[in-house]
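Data block below; observations after.
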Amino acid sequence: MSIASQLLEIQKSIPENVTLVAVSKTKPVSDLMQAYEAGQRIFGENKIQEMTEKWEQMPKDIQWHMIGHVQTNKVKYMAPFVTLVHGVDSFKLLAEIDKQAKKNNRTIDCLLQMHIADEETKFGLDENELFEILESDYFMNLQNIKVKGLMGMATFTENQSQIEKEFIFLKTVFDKLKSAESRPNLDPKILSMGMSGDYQLAISCGSTMVRIGSSIFGTR
Ligand SMILES: *Cc1c(COP(=O)(O)O)cnc(C)c1O
């Protein structure tokens with residue numbers, strides 16, 4: 001099947017209120033252009049350099065999402081154009097994004113990444129760390145970022161009930177965040193969870209944004 005028809009299949013299988021991020025990491029611009037021509041405007045990349053190169057070459061109405069782990073010293077390269085940073089997992093990184101956003105005269109939307117998997121290797125905050133950041137005075141002073149919600153990755157396992165448990169946990173934290181004390185730079189609307197293998201389950205658990213790569217562009 002072509003990229004365009006796989007994309008349309010995925011779009012048909014997700015409800016209207018769920019946003020599809022087409023994860024195009026490692027794929028050539030010609031593949032991304034096939035998705036673009038089929039109507040896709042939101043692309044996800046996990047390396048800043050690769051995302052920047054693609055941004056330079058591709059139409060300017062694309063929204064670029066950084067879904068990977070971000071090194072503080074590379075934030076400046078994506079600050080002029082990135083639409084949403086999914087993997088923010090420290091105050092230090094949030095502060096750097098704020099600083100670079102300010103230099104570019106813009107506000108950058110961010111998701112805080114939660115550690116929900118049963119694996120040491122996946123990045124992310126626990127619930128205490130999350131609320132510590134959001135309740136601090138330092139956070140209040142960040143005027144050029146907006147925290148739009150949470151992102152998480154489930155354990156890489158066949159065990160559906162474990163994945164479901166992790167997604168439900170993330171949704172619970174998201175609901176707490178929505179009822180937290182209001183802050184000018186906190187506007188929790190987005191719950192980014194679900195990839196090719198588990199997006200249906202993620203949607204049934206309350207996901208509002210799915211990040212799908214291999215089911216659209218093929219295996220990497
Ligand atoms: C690669 C990646 C995805 C997409 O994975 P697929 O299984 O190809 O759909 C989603 N989220 C993150 C954070 C990724 O790194």
Side-chain angles (χ1 to χ4, degrees), residues 1-14 18-29 31-32 34-35 38 40-54 62-71 74-75 78 82-90 93 97 109-125 148-160 162-164 166-167 169-171 174 190-220:
M1 266 215 290
S2 70
I3 289 171
S5 50
Q6 294 192 130
L7 175 68
L8 295 180
E9 284 299 307
I10 297 283
Q11 274 166 346
K12 264 191 277 172
S13 73
I14 66 176
V18 174
T19 304
L20 171 63
V21 179
V23 175
S24 48
K25 62 191 186 197
T26 78
K27 298 295 178 181
V29 164
D31 283 10
L32 279 68
Q34 289 182 43
Q40 184 64 26
R41 291 294 179 273
I42 305 177
F43 290 87
E45 291 283 334
N46 71 339
K47 296 215 165 64
I48 290 176
Q49 187 179 343
E50 184 178 342
M51 180 171 78
T52 305
E53 284 165 9
K54 287 172 174 170
I62 291 174
Q63 298 181 24
W64 293 99
H65 287 205
M66 173 43 58
I67 62 168
H69 186 68
V70 176
Q71 284 171 275
K74 299 214 172 120
V75 171
M78 66 172 174
V82 70
T83 303
L84 182 66
V85 184
H86 288 235
V88 180
D89 63 354
S90 71
L93 179 55
I97 296 171
D109 289 344
C110 296
L111 303 178
L112 293 175
Q113 182 172 357
M114 297 280 299
H115 180 89
I116 56 170
D118 198 14
E119 293 153 331
E120 288 292 326
T121 50
K122 284 186 179 139
F123 296 103
L125 304 161
K148 300 289 289 184
L150 301 177
M151 180 269 215
M153 281 169 92
T155 304
F156 188 71
T157 172
E158 293 291 307
N159 184 341
Q160 295 300 302
Q162 180 175 355
I163 298 174
E164 184 174 30
E166 293 168 0
F167 284 156
F169 170 70
L170 187 57
K171 171 68 160 73
F174 181 60
I190 300 171
L191 182 55
S192 167
M193 62 182 194
M195 328 198 328
S196 291
D198 57 20
Y199 76 93
Q200 299 284 16
L201 183 55
I203 291 169
S204 75
C205 295
S207 169
T208 72
M209 185 174 274
V210 291
R211 309 175 309 268
I212 299 182
S214 45
S215 294
I216 298 171
F217 295 104
T219 51
R220 288 178 295 271

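Order of listing sets the numbers, starting from 1, for every ligand and every atom in it. A quick note: this is a predicted structure, and the numbers were derived from the prediction, not measured. Throughout, numbering of the chain's residues begins at 1 and tracks the sequence.
- Checked against a 3.5 angstrom limit, the closest N/O atoms of Arg220 and ligand 1 fall inside it.
- From the protein, the heavy atom lying nearest to atom 9 (O) of ligand 1 is Ser196 OG, 2.5 Å.
- Per-residue contacts place Ile212 under 4.0 angstrom from the following atoms of ligand 1 (heavy atoms of the residue considered): 9 (O).
- The proximity of Met151 to ligand 1, defined as any non-hydrogen pair under 4.0 Å, is limited to the side chain.
- Shortest contact from atom 12 (C) of ligand 1 to any protein heavy atom: Ile67 CD1, 3.5 Å.
- Listed by number with element, the atoms of ligand 1 under 4.0 angstrom from any heavy atom of Gly213 are 4 (C), 6 (P), 8 (O), 9 (O).
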Checklist entry - Does the side-chain contact (heavy atoms from CB on, under 4.5 Å) test come out yes or no for Met193 and Glu166, once each step is laid out? => result CA-CA 10 Å; Met193 62 182 194; Glu166 293 168 0; over 6 Å; no
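- Here the side chain of Thr155 pairs no donor or acceptor atom with the backbone of Thr157 at under 3.5 angstrom.
- Within a 6.0 Å radius of CD in Gln49, no more than 12 heavy atoms belonging to other residues, nucleotides or ligands are found.
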Item to check | Verdict with reasoning, Glu9 to Lys12, per side-chain contact (heavy atoms from CB on, under 4.5 Å) | outcome: CA-CA 5 Å; Glu9 284 299 307; Lys12 264 191 277 172; 3.3 Å; yes
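- The nearest heavy-atom contact from the protein to atom 15 (O) of ligand 1 is Lys25 NZ, 2.7 Å.
- Any N or O atom pair closer than 3.5 Å counts here, and Arg211 shares at least one such pair with ligand 1.
- Checked by atom type and distance alone, the side chain of Glu164 never pairs as donor or acceptor with a backbone atom of Leu201 at under 3.5 Å.
- Within the set Met195, Met153, His65, the minimum heavy-atom distance to atom 10 (C) of ligand 1 is found for Met195.
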Next on the checklist: I'd like to know whether Ile190 forms a side-chain contact (heavy atoms from CB on, under 4.5 Å) with Leu84, so could you lay out the CA-CA distance, the side-chain angles of the two residues, the decisive distance to 0.1 Å, and finally the verdict.
Outcome noted: CA-CA 11 Å; Ile190 300 171; Leu84 182 66; 4.2 Å; yes
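- Here the CG-CE distance, from Leu170 to Met153, works out to 12.5 Å after rounding to the nearest 0.5 Å.
- Taking 4.0 Å as the cut-off, His86 does not count as a neighbour of ligand 1 on heavy-atom distance.
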